[in-house]
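By convention in this document, chain letters (A, B, ...) are assigned in the order of the sequence lines, proteins followed by strands, and residues within each chain are numbered from 1.
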Amino acid sequence: MKSRRFQGAAVLWLLAISLLLAGCQRSEPLPFKLTDISGHMPALDFKLTDDQGKAVSGADYRGKVVLLYFGYTHCPDVCPLTLAQLHVVMQRLGTLADGARILFVSVDPTRDTPAVLHAYVNAFDPRAVGLTGDPRVIEALVKRYRSAFTREPASSDGNYEVSHSSAIYIFDRGGNARVLSTPTDTQDDLVHDLHLLLSTGTSS
Amino acid sequence: MKPRRLSSMFAGMALAGLLLSGGVHATSAEHIRASHAWIRVLPGNLPAGAYVTLENDSDQPAALSSASSTAYAEVMLHQSSNEGGVSRMAMLHSLAIPAHGKVLLEPASYHLMLMKAAATVKPGDTVRLNLKFADGSTLATDFVARPANAVDDSH
């Protein structure tokens, strides 16, 4: 009898927790300056390998504001520029930046081993994490965020073209997609929105 | 007849020599001024991007056709662009520098991709690149190596 009452209490607690979580999922509206994607993009969810060689999932980054960016290390111009700009953004956020993680997902997992990614992301910012994994898993993740990439091999005359999504997907501490940052957005707007996300909902 | 033909041949050779020496028409390299030359150095042997501002003080347009360096086995002229949320990188065969104008090789735009470094290039190092123009003239330019997370604020 005692155990049944305990079970009942446990069920109530589970209910209460799931209701709280559901509230979290709906995510309170915030006065964002970037493109608000709340409720329009799936939550942060993946199974990849980080730059330390450890298996990680989206759930491992709950509690952190996540900046998700798809790129590859053999990209000499736009990828480093984006990461260098994100480093400046992190510096502008001061100590608040410790609550954020830049997740750099490689769309070139064959060449981007954890070791290559480790040296790469650390050259930009201590809060940047490199993620690699099975090419099909990465492809599925890219599709999940309606992003795209193509990487054509070099032809005989050395001509080739590489293209990939230039957007940065930003998730709140609960793993919910909140805003999208594109190269045409200003750095001030990015700092503004990250400030909003980092200074609210710390306990969720 | 024979000596006359010989003398006209010499005259022709002299004229060709004059043209080649630039006495009649100056080369592109003589009219191009390179500034803000820097390289974003990435860890390991990853390709690096090189940037420079090229100003042409001539009343003739010029064109950058390629570049080479003893520090890198391969140098390619590229253009990055962003359309519809997709970032693209494409090879260029030539980049025009308008008469009395300039062209900026800068992040997210035109750049030189440096590949296969002969030795590790560290931030603070100076790397010499030979910029080659469409008329075949070259301009030796020193590029300053900067850290991966450098943001171009030199303009």
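- Looking at residues two or more places apart in sequence or on another chain, you find no ring pair (Phe, Tyr, Trp, His ring centres under 6.0 Å) involving A/Phe32.
- Donor-acceptor pairing under 3.5 Å is recorded for the side chains of A/Asp77 and B/Tyr51.
- Two residues are said to be in side-chain contact when any heavy atoms from C-beta on lie closer than 4.5 Å; B/Leu42 and A/Phe124 meet this criterion.
- Under the 4.5 Å side-chain criterion, counting only non-hydrogen atoms from C-beta, A/Pro76 is in contact with B/Met89.
- The shortest heavy-atom contact between B/Pro43 and A/Ala119 is CG-O, 3.3 Å.
- The two residues A/Ser166 and B/Val86 have their closest heavy-atom pair at OG-N, 4.0 Å.
- Other residues, nucleotides and ligands place more than 12 heavy atoms under 6.0 Å from the NZ atom of A/Lys64.
- Proximity to chain A involves both the backbone and the side chain of B/Ala108, based on heavy atoms less than 4.5 angstrom apart.
- Looking at B/Ser109, the atoms closer than 4.5 Å to chain A (heavy atoms on both sides) all sit in the backbone: N, CA, C or O.
- The shortest heavy-atom contact between A/Ala84 and B/Val151 is O-CG2, 3.9 Å.
- Proximity to chain A (any heavy atom under 4.5 Å) is shown, for B/Pro47, by both the backbone and the side chain.
- Between A/Leu81 and the choices B/Arg40, B/His111, B/Glu106, the side chain to side chain contact (heavy atoms under 4.5 Å, CB included) rule is met once, by B/Arg40.
- Atoms CG and CG, on A/Leu86 and B/Asn149 in that order, are 11.5 Å from each other to the nearest 0.5 Å.
- For a residue to count as touching a neighbouring chain, one of its non-hydrogen atoms must lie under 4.5 Å from one of that chain's; by this rule A/His87 touches chain B with the side chain only.
- Using a 4.5 Å cut-off between heavy atoms, A/Ser165 touches chain B through backbone and side chain atoms alike.
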